[in-house]
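What follows is a short report on a single structure.
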Amino acid sequence: MPEGHTLHRLALDHRKWLAGEVIHVTSPQGRFQGGASVLDGQLLTSVEAWGKHLFYRFEGGELLHVHLGLFGRFRRHRQPAPEPRGQLRLRMETSTECVDLSGPTACELLEPDEHAALLARLGPDLLREDASRQQAWKRVKASSRSLGALLLDQSVLSGVGNVYRAEGLFVSGLHPELRGDELESRDFTRLWKTLVGMLQDGVRDRKIITVKHFDQAVGRKPRRGERTYVYGRRECRRCGDSIRVWELGSRTMYACETCQRR
DNA sequence: GCCGAATGCCCAA
DNA sequence: TGGGCCTTCGGCG
């Protein structure tokens, strides 16, 4: 579920549903009981996403930090909300809305210095207006690590996960094993812009669909359920050659070595 | 019912 | 570098 688009979509939705309201906060599962009781009954003033992190600011100055990790998930209900089902770390309710959180890696209150430290180790977020491509490029250009590893390093740039990594490199025609210091500036610019476009589509669509409605390069419409060019596939959507699947940067990489030259 | 995998990331060694 | 953690879901019996 969660790459950067998911978190930015959640920030937009939660801002609309919850911000400016007094929130009833509970932890049905109990593992966030302490934090929930601090936040309960407070006005939520803002919701913000940065990379794969979500921050909720409350009237009293408290900051709630949520990181979904690999398994975390939010569900929305209208009031009256159903009985909590499964392991619910957090439930936030207004008179009309209810948002449930299960399985997060982090659901915690942060002190200002902890918040600052967290942001300090995040690279530019491709979905933020103020994201500095130059800053990310400096890090990439100075690194002998592979592009595939660099894209997943949230301190280089933030928001890209395993699906967008594979898809962004494919559409940009770049081989995942290219080293950062081998990359040309214009290649990085193309990759960056491709990823920004994909992530923006993801926010709009609420899911990752990187194939276009009609793709000139492929010359046909995607089949039903066909959402990616290489990720999770056996054959390249464009040329039909076998997809190479291997471990890169501790995650499964998918690439077409015909379309993605070194 | 059990097992493995999944769009993430941290930590110890 | 490997293991651990958080949870759900689909495939296999």
Side-chain angles (χ1 to χ4, degrees), chain A residues 1-11 27-33 35-36 49-55 64-77 82 84-91 99-108 110 114-115 117-123 125-127 145-146 148-171 176 194-211 225-234 243 245-255:
Chain A
M1 292 281 289
E3 297 195 26
H5 68 299
T6 303
L7 288 304
H8 281 265
R9 181 72 250 174
L10 285 166
S27 179
Q29 168 205 57
R31 291 188 52 185
F32 185 56
Q33 196 58 64
W50 198 301
K52 297 173 188 170
H53 300 260
L54 268 178
F55 301 100
L64 170 64
H65 168 229
V66 172
H67 187 88
L68 295 178
L70 193 49
F71 317 117
R73 187 171 168 185
F74 275 104
R75 284 186 184 78
R76 176 213 193 178
H77 308 284
R85 241 179 309 133
Q87 298 289 315
L88 283 195
R89 185 77 58 89
L90 172 71
R91 173 170 268 193
V99 162
D100 287 342
L101 170 65
S102 63
T105 288
C107 174
E108 60 190 357
L110 289 189
E114 297 173 305
H115 181 214
L118 202 167
L119 292 183
R121 58 179 169 79
L122 289 181
D125 175 347
L126 291 93
L127 279 170
R145 298 164 67 207
S146 69
L150 287 165
L151 284 184
L152 288 188
D153 185 340
Q154 303 296 299
S155 69
V156 174
L157 44 79
S158 61
V160 175
N162 206 29
V163 179
Y164 284 126
R165 165 175 83 153
E167 296 294 295
L169 288 170
F170 174 83
V171 170
T194 298
L195 288 167
V196 169
M198 285 181 171
L199 282 156
Q200 286 173 343
D201 287 351
V203 174
R204 183 196 60 213
D205 301 338
R206 297 170 188 265
K207 60 181 83 154
I208 301 178
I209 304 173
T210 57
V211 298
E226 215 174 17
R227 293 179 176 171
T228 58
Y229 290 100
V230 290
Y231 181 84
R233 294 180 57 99
R234 305 199 51 174
I243 297 295
V245 183
W246 77 107
E247 222 31 44
L248 181 62
S250 309
R251 308 295 299 282
T252 307
M253 181 73 220
Y254 299 82

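- Atom C1' of nucleotide dA5(B) and atom CG of Leu70(A) are separated by 9 Å, given to the nearest angstrom.
- Atom CZ of Arg89(A) and atom C1' of dT8(C) are 14 Å apart (whole Å).
- Ring geometry, His53(A) versus Phe55(A): the interplanar angle falls under 30°, so the pair is classed parallel (tilted spans 30 to 60°).
- Using a distance-only test at 3.5 Å, with no hydrogens or angles considered, no donor-acceptor pair links the side chain of Asp205(A) to the main chain of Lys207(A).
- The separation of dG1(B) from dC6(C), taken at their P atoms, amounts to 23 Å, rounded to a whole angstrom.
- The side chain of Phe71(A) has dT7(C) as its nearest neighbour among dT7(C), dC9(B), dG8(B).
- Across the protein-nucleic acid pair, Leu248(A) atom CG and dT1(C) atom C1' stand 15 Å apart, rounded to whole Å.
- Comparing the same atom, P, in dC5(C) and in dA13(B) gives a spacing of 14 Å after rounding to whole Å.
- Taking atom CG of Leu54(A) as the reference point, atom P of dT7(B) lies 20 Å away to the nearest angstrom.
- Using a cutoff of 4.0 Å between basic side-chain nitrogens and carboxylate oxygens, Glu3(A) and Arg165(A) are not scored as salt-bridged.
- Rounded to whole Å, atom C1' of dT7(B) lies 17 Å from atom CZ of Arg9(A).
- Of the side-chain N and O atoms in His67(A), one or more sit less than 4.0 angstrom from OP1 or OP2 of dC9(B).
- Listed pair Arg73(A) / dC9(C) meets the phosphate criterion, a side-chain N or O lying under 4.0 Å from OP1 or OP2.
- Contact check for Ile209(A) versus Asp201(A): no side-chain heavy atoms found under the 4.5 Å cut-off.
- When distances are taken from the side chain of Arg75(A) to each of dG8(B), dT8(C), dT7(C), the shortest belongs to dT8(C).
- In this structure, Arg85(A) reaches neither bases nor backbone, as no heavy-atom distance under 4.0 Å exists between it and the strands shown.
- Within the nucleic acid shown, Arg31(A) comes within 4.0 Å of sugar-phosphate atoms alone, with no base atom in reach, counting heavy atoms only.
- Candidate nucleotides dC9(B), dA6(B), dC9(C) were compared by shortest atom distance to the side chain of Lys52(A), and dC9(B) ranks first.
- Comparing Ser250(A) and Ser102(A) by the nucleotide of DNA chain C whose heavy atom lies nearest to each, the residue mapping closer to the 5' end is Ser250(A).
- The gap from the C1' atom of dT1(C) to that of dT7(B) amounts to 23 Å, rounded to the nearest Å.
- Regarding Leu68(A), its CG atom lies at a distance of 11 Å from the C1' atom of dC6(C), rounded to whole Å.
- Here the options are Leu88(A), Leu68(A), Leu10(A), Leu54(A), the test is side-chain contact (heavy atoms from CB on, under 4.5 Å), and the partner is Leu101(A); only Leu68(A) passes.
- A close approach under 4.0 Å does not occur between any side-chain nitrogen or oxygen of Arg251(A) and OP1 or OP2 of dC9(B).
- In this model, the phosphate group of dT7(C) is approached by a side-chain N or O of Gln29(A) to a distance below 4.0 Å at OP1 or OP2.
- Taking atom P on both nucleotides, dG2(C) is separated from dA5(B) by 16 Å, rounded to a whole Å.
- For Tyr231(A), the listed nucleotide lying nearest its side chain is dT7(B); candidates were dT7(B), dG8(B), dT7(C).
- The distance from atom CG of Leu88(A) to atom P of dC6(C) is 16 Å, rounded to the nearest whole Å.
- Atom-to-atom, CZ of Arg206(A) to C1' of dT7(B) comes out at 17 Å; the value is rounded to the nearest Å.
- The distance from the CG atom of Leu195(A) to the CG atom of Leu169(A) is 7.5 Å, given to the nearest 0.5 Å.
- Residue-to-nucleotide proximity on DNA chain B shows that, of Arg121(A) and His5(A), the 5′-proximal contact is made by His5(A).
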